[in-house]
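Atoms considered below: every heavy atom in the structure, side chains included; atoms not considered: hydrogens, waters and symmetry mates. Remember, predicted model here, so these are calculated numbers, not experimental data. Counting convention: from 1, in listed order, for ligands and their atoms alike.
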Amino acid sequence: MHRGQTMPSPTDVNLPSRSCTAVVGLQWGDEGKGKVVDLLTPGFDAVVRYNGGANAGHSVVVKGERYALHLVPSGILSAGKLAVIGNGVVVDPEVLLKELDGLASRGVDVSGLVISDRAHVVMPYHKAEDVAREEMRSFAGAPGIGNPESHQAIGTTKRGIGPCYADKAYRATAVRVGDLLRPEMLKKKLEPTCFIKNALLKGLGSTSTFSAREMLDWAIPLGQRLKPCIRDTTYLLHDMLASGKRLLFEGANAALLDVDHGTHPFVTSSSTTVLGIPAGTGVPGGRIGVVLGVVKAYSTRVGNGPLPTEQINDIGNRIRERGREFGTTTGRPRRVGWLDLVAVKYSAMLNGATHLSIMLLDVLSGFDELRICTAYRVDGVQTDRFVPDADLLDRAEPVYTAVRGWSEDLTACRKRSDLPSGARAYLDHIEQAVGVPIGIVSVGPDRAQTIVEM
Ligand code: GDP
Ligand code: IMO
Ligand code: MG
């Protein structure tokens, strides 16, 4: 501010235009984020991933064709849009190229893909370390592990996600996408790194070993193939915003798997909420005007860790079968439970959700009565606050509100008023308890099987 210049009054201050929307999961993943992103993509110029890696599995069904996306943003399925992998993503270049080849062979135009030169590379030794650490945690007789019951494996996707993010934090052993284009520098980095990794893997009981030569032979050709897509995506996104373009951020994993705010230690290794967008893309959070919190009409979880409303019984089996609850990435059967609004309300708060998108409502048809968790009892004390600590949450007993179900098939409903009264009451209950309006209701996997009232 120059001398003599007056301070702008609050009304003169030009607030940045909020041209960005975020789609984020409010439970333990697999809420249907891919479907929502695909649905919204036509209104945007780019779809941007900011976190996670090939641990994500986003299924999109277009005209009866099912696509499973892991690293490629779901926006790739809409022609003419940019699909951006931001710096916060961890990229396995081999998995990415396979995915691109698979999409191209089905006629999808993948020329809109852009990858940040600052995204980190998941190397083959990261996957070996992920497997070795998980095996060590599952092995009752492992040294230093006292009570095997309380030291379960996390149940990771074994995609090398945790070890890659750990190397990002360690810095010296990290490999970034831009490094794939600099063989001499990469060689210097990989020699000490492979030495450290081999010692570490041996200590973890693994027989895998890796040489810098092998790693270079693997990485350099992959880098060459990806070269046309590799860019500084931070400037790209800011240039787009400056010219009035609109960005859609696609969250991977979900709030309760967030490394800071989830059910630690049974979480993934990235910031999965909107709080991860600024760090994972370079776009400030103030740019985000709409936050769509995606919620499955019941709860699921893959991998280990607490799921307070879990139903290991006929109810759970019935929902799993009807909802085809088997992982998109690993094929593992998903654990299933009643809707947990204590958890959803917490995640909506963390994300600043402006709207909810309620998914797979059709799966709940045919129950006389449904249950919704509205509070927990922890060590005899009732609370409506979430407990983001695995040990404490394990002791939380859900307090349920029973609501009547509905028998009708919902898959042809296209307006909220088309839904049977039981389903409408279920949605009203969610809206009231979470305090956020529902903008989208999904009644089937297809694009067309959606109610949009925003
Ligand atoms: P994401 O990881 O959040 O993108 O979710 P996933 O794709 O892993 O899992 C959601 C699954 O539910 C996919 O198989 C979708 O095709 C499917 N799906 C999405 N919305 C609906 C819906 O409203 N009804 C039904 N029956 N399936 C849906
Ligand atoms: P989308 O984007 C469901 C879970 C894993 C495991 C834990 C840690 O499809 O919703 P990781 O491999 O990340 O170290 O595993 O997190 N997990 C997911 N569960 N959906 C996902 O992604 C997930 N990404 C990670 O099952 O329990
Ligand atoms: Mg998924």
| request: For the Mg ion (ligand 3), decide whether Glu31 has an N, O or S atom at a distance under 2.8 Å. | output: no

| query | So with a 6.0 Å cut-off around CZ of Phe195, is the heavy-atom count from everything else above 12? | reply | no

| note | In ligand 1, the atoms that come under 4.0 Å of a heavy atom of Ser442 are 20 (N), 21 (C), 22 (C), 23 (O)

| query | So which of the N, O or S atoms of Asp30 lies nearest the Mg ion (ligand 3)? | reply | OD1

| said: For Glu129, is there an ion pair with Lys197 - N to carboxylate O distance below 4.0 angstrom? | reply: yes

| request: Give the residue, atom name and distance (to 0.1 Å) of the protein heavy atom nearest atom 13 (O) of ligand 2. | output: Thr268 OG1, 2.6 Å

| message | Check whether Tyr376 forms a cation-pi arrangement with Arg385 (NZ or CZ under 6.0 Å from the six-membered ring centre, at most 45° off the ring normal). | response | no

| query | Counting only heavy atoms, which portion of Phe266 has something under 4.0 Å from ligand 2: side chain, backbone, both, or neither? | reply | neither

| request: Measure the distance from atom 8 (C) of ligand 2 to every protein heavy atom, then report the residue, atom name and distance (to 0.1 Å) of the closest one. | output: Val267 O, 3.4 Å

| query | Hey, are Thr300 and Asp30 close enough side-chain-wise for a donor-acceptor pair under 3.5 Å? | reply | no

| query | Out of Arg332, Lys158, Glu134, whose heavy atom is nearest to atom 26 (O) of ligand 2? | reply | Arg332

| request: Would you kindly say whether Glu310 and Trp338 are connected by a side-chain donor-acceptor distance under 3.5 Å? | output: no

| With no hydrogens and no angle check, is any side-chain donor or acceptor of Arg335 less than 3.5 Å from a backbone partner on Gly303? | yes

| query | Between the side chains of Glu250 and Ser74, does any donor sit under 3.5 Å from an acceptor? | reply | yes

| request: Provide the number and element of each atom of ligand 1 under 4.0 Å from a heavy atom of Gly444. | output: 20 (N), 21 (C), 22 (C), 23 (O), 24 (N), 25 (C)

| query | Side chains of Ser299 and Trp28: do they bring a donor and an acceptor to under 3.5 Å? | reply | no

| Is the NZ or CZ atom of Arg106 positioned over Tyr67's six-membered ring, under 6.0 angstrom from the centre and within 45° of the axis? | yes

| Does ligand 2 have any atom that is closer than 4.0 Å to a heavy atom of Gly57? | yes

| query | Where does Val443 meet ligand 1, judged by heavy-atom distances below 4.0 Å: at the side chain, the backbone, both, or neither? | reply | backbone

| task | Using a strict cut-off of 4.0 Å, indicate which atoms of ligand 2 neighbour a heavy atom of Ala252. | result | 2 (O)

| query | Can you tell me if Asn55 and Thr268 form a side-chain donor-acceptor pair at under 3.5 Å? | reply | yes

| request: May I ask which of Gly303, Pro163, Gly155 has a heavy atom nearer to atom 6 (C) of ligand 2 than the others do? | output: Gly155

| remark: Looking at Gly57, Gly32, Gly34, the heavy atom closest to atom 2 (O) of ligand 1 belongs to Gly57

| remark: If you scan protein heavy atoms around atom 10 (C) of ligand 1, the nearest is Asp30 O, 3.7 Å

| query | Is a side-chain N or O of Glu408 found less than 3.5 angstrom from the main chain of Ser365, in a donor-acceptor match? | reply | no

| note | re atom 17 (C) of ligand 1, the protein heavy-atom contact at minimum distance is Pro445 CB, 4.2 Å

| message | Checking contacts here: is it the side chain or the backbone of Arg334 that comes within 4.0 Å of ligand 1, counting heavy atoms only? Could be both or neither. | response | side chain

| request: Please check if the side chain of Asn51 supplies one atom and the backbone of Ala252 the other of a donor-acceptor pair under 3.5 Å. | output: yes

| message | Regarding ligand 2, does Lys33 bring an N or O atom to under 3.5 Å of one of the ligand's N or O atoms? | response | yes

| query | With respect to atom 13 (C) of ligand 1, which of Ser357, Ala254, Ser59, Ala68 exhibits the smallest heavy-atom separation? | reply | Ser59

| query | Do any N or O atoms from the side chain of Lys33 and from the backbone of Asn253 form a donor-acceptor pair under 3.5 angstrom? | reply | yes

| request: Could you tell me which atoms of ligand 2, counted from 1 in the order shown, lie closer than 4.0 angstrom to a heavy atom of Thr157? | output: 11 (P), 12 (O), 15 (O)

| message | Tell me the nearest of Asp362, Asn253, Leu360 to atom 26 (N) of ligand 1, using heavy-atom distances. | response | Asp362

| task | Mark the output for Gly323 as yes if a heavy-atom distance to ligand 1 is under 4.0 Å, and as no if none is. | result | no

| task | Check ligand 2 against Trp28 and write out every atom of the ligand that is under 4.0 Å from a heavy-atom position of the residue. | result | 3 (C), 19 (N)

| message | Has Asn198 got a side-chain atom pairing as donor or acceptor with Phe210's backbone, closer than 3.5 angstrom? | response | yes

| With a cut-off of 4.0 Å, which atoms of ligand 1 are near a heavy atom of Arg66? | 13 (C), 14 (O), 16 (O)

| Proximity to ligand 2 by part of His58, non-hydrogen separation under 4.0 Å | side chain

| query | Does Lys35 have a non-hydrogen atom less than 4.0 Å from ligand 1? | reply | yes

| query | Would you say Arg322 contacts ligand 1, with heavy atoms under 4.0 Å as the rule? | reply | no

| query | Under the criterion salt bridge (charged side-chain N to carboxylate O under 4.0 Å, His left out), which of Arg320, Arg301, Arg318, Lys296 is the partner of Glu325? | reply | Lys296

| For atom 15 (O) of ligand 2, the option (of Val302, Thr156, Asp30) bearing the nearest heavy atom | Thr156

| query | Hey, is the Mg ion (ligand 3) within less than 2.8 Å of some N/O/S atom on Gly57? | reply | yes

| For atom 17 (N) of ligand 2, which candidate among Asn55, Asn253, Leu257 holds the nearest heavy atom? | Leu257

| message | Tell me whether Gly25 reaches ligand 2 (any heavy atom closer than 4.0 angstrom to a ligand atom). | response | no

| query | Do the side-chain N and O atoms of Ser442 and Lys35 include a donor-acceptor pair separated by under 3.5 angstrom? | reply | yes

| field | Check: Met359 N/O within less than 3.5 Å of ligand 1 N/O | value | no

| Are side-chain N/O atoms of Arg118 and Thr234 paired as donor and acceptor at under 3.5 Å? | yes

| His264 and Asp389: side chain donor to acceptor below 3.5 Å | no

